[in-house]
2 protein chains.
Amino acid sequence: MTNQMKIISDKIVLNKNSHYIWAKSKSRMFSKACEYGIRATLYIAQKSLNGQRASLKAITHEIDSPEAFTAKILQQLAKAQVVRSVKGPHGGFEIAREDIDSMRLSEIVNAIDGDNIYKGCGLGLKACNAQKPCPVHHKFTAIRNDLKTMLQETRLLELATSLETGLTFLKR
Amino acid sequence: MTNQMKIISDKIVLNKNSHYIWAKSKSRMFSKACEYGIRATLYIAQKSLNGQRASLKAITHEIDSPEAFTAKILQQLAKAQVVRSVKGPHGGFEIAREDIDSMRLSEIVNAIDGDNIYKGCGLGLKACNAQKPCPVHHKFTAIRNDLKTMLQETRLLELATSLETGLTFLKR
DNA sequence: TCAATAAAAGATATAAAGGTCTTAATATCT
DNA sequence: AGATATTAAGACCTTTATATCTTTTATTGA
Ligand code: FES
Ligand code: FES
């Protein structure tokens, strides 16, 4: 590289006039909002199993997420009835025991990211359509369906339990 | 809804003061740049199999993508040696026959999106780490590995051939 | 009923992705 | 050599995602 561009970080590249030029888009399966949302929900589930509510402060501390942004996401999850919120002293977020048993990962993902991840075309055609498939359709739908099945079958209880027993973690 | 917010489209929601509030992030497996990049590469491969070059204009027409943006993506792919570009009259983009045989889908994805999609943690922890796994680690890595394998095994030739025979499509 | 606490709602700010436009470089043909 | 065709490079603009800050609403308990 003989020119004067400046690499600020892995993601930020500026040229000599300090204009942003290009960096690989760090694509992810779920949006950050959804990642925080899943982690927050799992923490709340874990606390709820112990008969406790989780406050916003506790949540953001335990999952290492930005507080105000996490609040917004929890609002969404409360509207979607994934979690229940309680205002005032000793308030916070909770999930009913029977919901922890029955709720699936897919409900959280749906509430935040919608279902495009397992319905949309892998190459971005308007919709996935087996009658007029894109070149990756067959290979892609197989993986997408596995993802869909996994999300729809995985219960909150199972994930919250592995957290409780210290087998898995929400931050590092 | 008794308030005055205005739903402009599926993705754009404004409140009474015309401030953007919130909409589900349409998450996708690959970035749009990557989707266009794959589609463009497949079209170029198909033309190359017929001994022809593909011009930017022809590409954007055939894959239905924004011209200037597609040009940027093709620049990236040329730098990554996924495609070869030729300037001047009768110029355009091409892929050597032997590369069409050997090149895998993963090379295109890597050139544009990098490898986070099959290396990163599904819940957004700094890195995926089996020693201190997140709650979805085991279920997630299984799917991610299937995706990785699929991308690494799928050859351009196979996809370009299915296009040529009219079994699959790059736009609709 | 009042102070304190905690979430909801709203406004605004910043960063990244997606996209356009203009000029430069390079190849081809006459 | 000059006109033309085509991609490369750079600057810039727009939209969406991510994030923060401020004000309002609900709940509790002294
Ligand atoms: S049409 Fe592209 S994935 Fe189904
Ligand atoms: S640690 Fe989260 S996917 Fe491996």
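A note on names: the letters A, B, ... follow the listed sequences, proteins ahead of strands, and every chain is numbered from 1. Note that the structure is a prediction, hence the values are computed from the model and not measured.
- One atom, CD of B/Glu67, and another, C1' of D/dT6, lie 11 Å apart when rounded to the nearest Å.
- Set against C/dA9, D/dT7, D/dT18, the side chain of A/Ser31 has D/dT18 as its closest nucleotide.
- Checking B/Glu62, B/Gln52, B/Glu164 one by one against B/Gln46, the side-chain hydrogen bond (donor to acceptor under 3.5 Å, both in side chains) holds for a single residue, B/Glu164.
- With distances taken from any side-chain atom of A/Phe69 to the nucleotides D/dT18, D/dT6, D/dT28, the minimum falls on D/dT18.
- Checked by distance alone, B/Gln75 brings a side-chain donor or acceptor within 3.5 Å of a matching partner on the base of D/dA9.
- Under 3.5 Å, the side chains of A/Asn110 and A/Tyr118 contain a donor-acceptor pair of N or O atoms.
- In this model, the phosphate group of D/dT18 is not approached by any side-chain N or O of A/Tyr36 to a distance below 4.0 Å at OP1 or OP2.
- Closest-nucleotide positions on DNA chain C for A/Gly91 and B/Lys32 were compared, and the one nearer the 5' end corresponds to A/Gly91.
- Comparing atom distances between the B/Pro66 side chain and each of C/dA6, C/dT20, C/dT26 picks out C/dT20 as nearest.
- Residue B/Lys57 is classed as having no contact, given no heavy-atom separation below 4.0 Å to the nucleic acid.
- For a distance-only test at 3.5 Å, the side chain of B/Lys72 qualifies as a donor-acceptor partner of the base of D/dG10.
- Contact check, A/Ser85 against C/dA8: a side-chain N or O comes under 4.0 Å of OP1 or OP2.
- Between the side chains of B/Ser65 and B/Thr70, at least one donor N or O sits under 3.5 Å from an acceptor N or O.
- When atom types are taken as modelled, the side chain of A/Asn145 and the backbone of A/Thr141 share a donor-acceptor pair closer than 3.5 angstrom.
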Listed pairs under 3.5 Å, donor-acceptor, residues 81-91 of chain B side chains, sequence neighbours left out:
| residue | atom | partner | partner atom | Å |
| --- | --- | --- | --- | --- |
| B/Arg84 | NE | B/Glu94 | OE2 | 2.8 |
| B/Arg84 | NH2 | B/Glu94 | OE2 | 2.9 |

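- Remark: C1' of C/dA3 and NZ of A/Lys87 are 17 Å apart, rounded to the nearest angstrom.
- Projected onto DNA chain D by closest heavy-atom contact, B/Val86 and A/Cys34 fall at different nucleotides, the more 5' of which corresponds to B/Val86.
- Applying the 4.0 Å criterion to OP1 and OP2 of D/dA8, one finds that B/Lys79 has every side-chain N and O outside that range.
- Which of D/dT7, C/dT28, C/dG19 sits closest to the side chain of B/Pro89 comes down to C/dT28.
- When each of A/Thr70 and B/Ala54 is assigned the nucleotide of DNA chain D with its nearest heavy atom, B/Ala54 is the one assigned upstream, toward the 5' end.
- In this structure, B/Ile112 places its CD1 atom 13 Å from P of C/dA17, rounding to the nearest Å.
- Using a 4.0 Å heavy-atom criterion, one finds that B/Gly88 contacts the bases of the nucleic acid, with or without backbone contacts as well.
- To the nearest angstrom, P of D/dT18 lies 8 Å from CG of A/Asp113.
- Atom-to-atom, CG of A/Leu77 to P of C/dA9 comes out at 13 Å; the value is rounded to the nearest Å.
- Counting heavy atoms from C-beta outward, A/Phe69 and A/Leu74 have side chains that stay 4.5 Å or more apart.
- Rounded to a whole Å, the CD atom of B/Glu94 is 13 Å from the P atom of C/dA27.
- With C/dG18, D/dT20, C/dT20 as the choices, the nucleotide that has an atom nearest any side-chain atom of A/Ala68 turns out to be D/dT20.
- Of the candidates D/dT28, C/dG19, C/dC29, D/dT28 carries the atom nearest the A/His90 side chain, counting heavy atoms from C-beta on.
- For the pair A/Arg28 CZ and D/dT16 C1', the interatomic distance rounds to 15 Å; values are reported in whole Å.
- Atoms CZ (B/Arg53) and C1' (D/dT6) sit 11 Å apart, rounded to a whole Å.
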